[in-house]
Amino acid sequence: MAAISTNKEPFLTRVKEAEEDKFMQASVAKAQDAQWEKRPAARQELGNWEDWRNLGEQIRQHVIKYLPDYLEEFSNNVEKRGGHVFFAKTDQEATDYIKKIAEKKHAHKIVKSKSMVTTEINLDKELLKIPDTSVLETDLAEFILEEDDWDEPTHIVFPTLHKNRNQIQKIFQKLGYKGSNEPGEMAKFARHYLRESFLKADLGITGCNFAIADQGMINLVTNEGNADLTMAIPETQVVVMGMERIVPSLKEAEVMDNLLSRSAVGQKLTSYCTFAGPQVAGESDGPKDFYVVILDNGRSNALGTEFEPVLQCIRCGSCLNVCPVYRHIGGHGYGSIYPGPIGAVLSPVIGGYDKFGDLPFACSLNAACTATCPVKIPLHKLLIKHREVMIDKMKIDHSFNNTLMKVAGVGTAKPILFKIALGGAYLGSAPLSRRSKTSVENMYQFGHIEKAPSLAKGWTDVRSLPRPAKHSENFRSWYKRHEAARKAAHKDGEIDG
């Protein structure tokens, strides 16, 4: 399961590196803002969006409840169509099986379409261990990352969000590109380069958006058409899918495709919505040998637990597009191939708290992710549950902070102590406070604190903390005066009447 981790540096080190990448931050912000406009418009066209969300949630929960039955049905139907199915418990089992297929078929030229699950199991680099074998990512963004020394993706849907056109131009120049940094010109170069590889490919590997249980077919939703070529030209195809990516029939697939396209890219439907399986008699293209690898790799850890709803995910990336933490640190800051809110929930389930225990705390709990999720995963509640598990069951020791919280609890529970604390807060904070001219950026009437100890340190590491107000100017004093004035005015009104 090590492949899910993209960076071994401590979380705060990754965050600091992300903060220094101003281009990445600007790109993420621009993408989030653009999706903010496109996504609601595409969803509104469906009408009754909340009803669609409810239906999507019901479909995903139903499938997960009866997952063994649907996986068995799908497997049987694939085999009836002449295909082969392999259930892999771990990433190692999956890569070993796929390597055996490649060696058996003498596949020296392998083409792949975009797939998060193949990245999760580190498939590309495992295949390259086979002598005289090349692997080419055919999705334009994944192709760019591969040619940039296998750089990690920063977004589930927009993997190269952190790169600018000049960086991409330099990457392509290593392949013989001599043109400008104009996106259209670079895309034409990539298309020509990739087409030659398609025609020479021995083996095609794809992911799977949804597997259709009663048909034994897979459903791919793409915008570039490269996945169709990856399936149509090579004689052998390998599909790699997470075990939860299944629907009962084409009827449910139609619902999920609508939810996915409108949530992922703000479109009615992506350019290519493909349903495929082994080549049948009379067809001129498609794979003659069709293999499906169904991967667990830690997903079963969620079954029957409070984290089971995370398996509803359809990998639309909508939660990333509304997350303020992701906007600040980008995908690389999470240290997992699954970034953002969904990554903060899923990564500890798959990879454990030892590696990803920081991620559930990388959240302000604003619940925007839960509100936008097309299949209604309660992401912010699952993040809270992760925190509870780590603090309560794993007995994480925060002795000093725990003591402070107990003292605060006693103080706030007794009115007299709370009143004394309010009265002394302004004077007590004087040594830590600074005064500066009030402006749009600094609207703190009584000054601000830039460096605070203990519990408040996490806040002041990234922003200023307003200094507590004078006792005569704090909210309680203001409210007392306001209420007295309101009651007096009300009484005068009754007398005048």
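Atom set for the values below is all heavy atoms of this structure, side chains included, hydrogens, waters and symmetry mates excluded. Everything numeric here is computed off the predicted structure, so don't read it as measured data.
Between the side chain of Gln35 and the backbone N or O of Ala31, no donor-acceptor pair lies under 3.5 Å. Counting only distance, with no hydrogens or angles, the side chain of Thr90 and the backbone of Glu93 share a donor-acceptor pair below 3.5 Å. Formation of a donor-acceptor pair under 3.5 Å by the Gln32 side chain with backbone atoms of Leu320 is found in this model. Between the side chain of Thr154 and the backbone N or O of Gly331, at least one donor-acceptor pair lies under 3.5 Å. A donor-acceptor pair is defined here as one N or O able to donate and one able to accept, closer than 3.5 Å; no such pair exists between the side chain of Asp148 and the backbone of Ile144. Thr305 places a side-chain N or O within 3.5 Å of a backbone atom of Ala302 that can act as its donor or acceptor partner. Although no hydrogens or angles enter the test, the distance criterion places no donor-acceptor pair under 3.5 Å between the side chain of Arg299 and the main chain of Glu244. Checking side-chain atoms of Glu308 against main-chain N and O of Lys65 turns up no donor-acceptor pair under 3.5 Å. Side-chain N or O atoms of Lys22 include one that pairs as donor or acceptor with a backbone N or O of Glu19 at under 3.5 Å.
For Ile350 against Asn297, the heavy-atom pair with the smallest separation is CG2-O, 3.2 Å. Between Ser75 and Val85, the shortest heavy-atom contact is OG-CB, 3.6 Å. The two atoms that bring Leu67 and Met243 nearest to each other are CD1-O, 3.4 Å, heavy atoms only. Between Cys363 and Val325, the closest heavy-atom pair is CA-CG2, 4.0 Å. Taking each heavy atom of Ala253 and Ile212 in turn, the nearest pair found is CB-CD1, 3.6 Å. The two atoms that bring His108 and Pro131 nearest to each other are ND1-O, 4.2 Å, heavy atoms only.
Using a cut-off of 4.0 Å between Lys/Arg side-chain N and Asp/Glu carboxylate O, Arg14 and Glu17 are scored as not salt-bridged.
Atoms OG and NZ, on Ser134 and Lys200 in that order, are 10.0 Å from each other to the nearest 0.5 Å. To the nearest 0.5 Å, atoms CG (Leu128) and NZ (Lys99) are separated by 10.5 Å. Within the model, atoms NZ of Lys105 and CD of Glu235 stand 8.5 Å from one another, a figure rounded to the nearest 0.5 Å. Taken from CZ in Phe210 to CE in Met256, the straight-line distance is 4.5 Å, to the nearest 0.5 Å. To the nearest 0.5 Å, atoms OG1 (Thr370) and CG (Leu365) are separated by 9.5 Å. The distance from atom CG of Leu140 to atom CD of Glu224, rounded to the nearest 0.5 Å, is 5.5 Å.
A side-chain N or O of Ser263 and one of Arg43 form a donor-acceptor pair less than 3.5 Å apart. Looking at His162 and Asp151, their side chains do bring a donor and an acceptor atom within 3.5 Å of each other. Residues Ser249 and Glu252 bring a donor and an acceptor atom of their side chains to less than 3.5 Å of each other. Using a 3.5 Å distance cut-off with no hydrogens or angles, the side chains of Asp289 and His84 do not pair a donor with an acceptor. Between the side chains of Gln237 and Thr206, at least one donor N or O sits under 3.5 Å from an acceptor N or O.
Residue pairs meeting the ring pair (Phe, Tyr, Trp, His ring centres under 6.0 Å) criterion with at least one member in residues 18-60, sequence neighbours excluded, do not occur.
Ring centroids of Phe86 and Tyr291 are separated by 6.0 Å or more, keeping the two rings apart. Between His386 and Phe361, the distance separating the two ring centers is not shorter than 6.0 angstrom. When ring centroids are compared, Tyr338 and Phe356 stay outside the 6.0 Å threshold.
Annotation: side chain of Lys381 is not in contact with side chain of Pro309 (no heavy-atom distance under 4.5 Å). Residues Glu57 and Gln61 meet the side-chain proximity criterion, which asks for heavy atoms closer than 4.5 Å. Between Thr270 and Val265, some side-chain heavy-atom pair lies under the 4.5 Å cut-off. Between Pro183 and Arg165 the shortest side-chain heavy-atom distance falls below 4.5 Å. Using a 4.5 Å heavy-atom threshold, the side chains of Cys373 and Ser318 count as separate. Using a 4.5 Å heavy-atom threshold, the side chains of Asn219 and Cys273 count as touching. Thr222 has its side chain out of reach of Lys114: every pair of non-hydrogen atoms, C-beta onward, lies at least 4.5 Å apart. Under the 4.5 Å side-chain criterion, counting only non-hydrogen atoms from C-beta, Ile377 is in contact with Leu382.
Taking the six-membered ring where the residue is Trp, Phe172 and Tyr177 present perpendicular rings, their angle passing 60° and hence far from 30°.
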*With side-chain hydrogen bond (donor to acceptor under 3.5 Å, both in side chains) as the test, would you mind laying out the steps for His332 and Asp21 before giving the verdict?*
CA-CA 11 Å; His332 292 175; Asp21 190 345; over 6 Å; no
*Check the pair Thr274, Asp228 against side-chain hydrogen bond (donor to acceptor under 3.5 Å, both in side chains), reporting the backbone distance first and the verdict last.*
CA-CA 7 Å; Thr274 306; Asp228 285 15; 2.8 Å; yes
*side-chain hydrogen bond (donor to acceptor under 3.5 Å, both in side chains) evaluation trace for Thr230 with Lys112*: CA-CA 6 Å; Thr230 300; Lys112 286 180 72 267; over 6 Å; no
*Verdict with supporting geometry, Gln92 and Asp96, side-chain hydrogen bond (donor to acceptor under 3.5 Å, both in side chains)*: CA-CA 6 Å; Gln92 191 65 55; Asp96 286 348; 2.9 Å; yes
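Other residues, nucleotides and ligands contribute over 12 non-hydrogen atoms within 6.0 Å of the CD atom of Glu45. Annotation for Phe275: atom CZ counts as buried by contact number, over 12 foreign heavy atoms lying within 6.0 Å.
Looking at residues two or more places apart in sequence or on another chain, you find a side-chain contact (heavy atoms from CB on, under 4.5 Å) between Ala213 and Tyr70, Glu73, Phe74, Ile246. Remark: Arg262 pairs with Asn258 by the side-chain hydrogen bond (donor to acceptor under 3.5 Å, both in side chains) rule, at least two apart or across chains.
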